[in-house]
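In what follows, every chain begins at residue 1, and chains take the letters A, B, ... in the order their sequences are listed. Fair warning: this is a prediction, and the values are worked out from it, not measured in the lab.
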There are 2 protein chains.
Amino acid sequence: MRFHAQVDVTHRPGIADPQGATVERALPALGWTNVSKVAVAKSIRLVIDAADEVEARSQIDDMCRRFLTNPVLESFTVTISELTPSGADA
Amino acid sequence: MRFHAQVDVTHRPGIADPQGATVERALPALGWTNVSKVAVAKSIRLVIDAADEVEARSQIDDMCRRFLTNPVLESFTVTISELTPSGADA
């Protein structure tokens, strides 16, 4: 079975987010004064072949911890959806 | 009213994604041979004060087109949810 996965990688609480802070500081100068708590993060999309969703999720967790994210600085959430055969090449 | 918004910024079709391509090339060497179509993108989270959800979405679309994204290279999707008063400081 083939699954589509989206991994949202965010900074752990307390970890500096200079890109988000810079965006937030710039917004009032552009006329938008009603925006706060800006955070800029990373997202990873991929397609994975696995026997079932549990196996896919387990492998993605492993990939995130060992390779895709820095677990000291970042946390991640994984969203998985099954690709239908007609959507396999989408 | 206060809203939480998540903006997912992705590459437009045909635009090179070197970070995603590099991750995809590295995965087999680490033992993961069943992953394809890796794409690395950006996500922006923010809190916005607006009269209603329509106004919030309109302003965020404007911010994305003029400041947060490069419309030539990137497309974006916006997800908005209302913050309850108890969750306003979350």
Side-chain angles (χ1 to χ4, degrees), chain A residues 1-11 13 17 19-51 55-56 58-69 74 76-77 79-80 83 87-90, chain B residues 1-11 13 17 19-51 55-56 58-69 74 76-77 79-80 83 87-90:
Chain A
M1 289 168 73
R2 179 161 278 199
F3 299 90
H4 177 267
Q6 168 147 358
V7 180
D8 279 301
V9 183
T10 53
H11 295 82
D17 173 16
Q19 200 179 352
T22 303
V23 169
E24 188 165 335
R25 273 201 311 276
L27 287 169
L30 296 164
W32 295 299
T33 55
N34 56 341
V35 180
S36 59
K37 298 186 195 297
V38 180
V40 177
K42 190 168 69 169
S43 71
I44 303 162
R45 263 165 275 259
L46 53 84
V47 170
I48 182 169
D49 293 306
E55 188 182 303
S58 160
Q59 180 182 331
I60 292 170
D61 280 355
D62 198 29
M63 283 162 49
C64 283
R65 274 193 301 271
R66 290 175 53 199
F67 176 53
L68 296 173
T69 75
E74 299 167 329
F76 60 89
T77 56
T79 312
I80 292 184
L83 283 176
D89 295 324
Chain B
M1 290 167 73
R2 181 160 277 200
F3 298 90
H4 178 267
Q6 167 148 359
V7 181
D8 280 301
V9 184
T10 53
H11 295 81
D17 174 15
Q19 202 179 353
T22 303
V23 169
E24 188 165 334
R25 272 202 310 275
L27 287 169
L30 296 164
W32 294 300
T33 55
N34 56 341
V35 179
S36 59
K37 298 186 195 299
V38 180
V40 177
K42 191 169 68 169
S43 70
I44 303 162
R45 264 164 276 259
L46 53 85
V47 171
I48 182 168
D49 292 306
E55 189 183 303
S58 160
Q59 180 181 331
I60 292 170
D61 279 355
D62 198 30
M63 284 162 48
C64 284
R65 272 193 302 271
R66 289 175 53 201
F67 176 53
L68 296 173
T69 74
E74 299 166 331
F76 61 89
T77 56
T79 312
I80 292 184
L83 282 176
D89 295 325

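For the atom pair CZ of A:Phe76 and CD1 of A:Ile44, the computed distance is 10.0 Å after rounding to the nearest 0.5 Å. Interatomic distance, A:His11 NE2 to A:Gln19 CD, rounded to the nearest 0.5 Å: 8.0 Å.
For the set B:Thr33, B:Leu46, B:Asn34, the entry with the most heavy-atom pairs within less than 4.5 Å of chain A is B:Asn34. Counting heavy-atom pairs closer than 4.5 Å to chain A, the top-ranked of the candidates B:Ala26, B:Gly31, B:Ser36, B:Ala5 is B:Ser36.
In this structure, no portion of B:Glu24 lies under 4.5 Å from any heavy atom of chain A. B:Ile60 does not touch chain A: none of its heavy atoms, backbone or side chain, sits under 4.5 Å away. For B:Asp8, the part sitting under 4.5 Å from any heavy atom of chain A is the side chain, from C-beta outward, and nothing else.
B:Leu68 has its side chain out of reach of B:Val9: every pair of non-hydrogen atoms, C-beta onward, lies at least 4.5 Å apart. B:Arg45 has its side chain out of reach of A:Lys37: every pair of non-hydrogen atoms, C-beta onward, lies at least 4.5 Å apart. Between A:Val23 and A:Arg25, the closest side-chain pair of non-hydrogen atoms is not below 4.5 Å.
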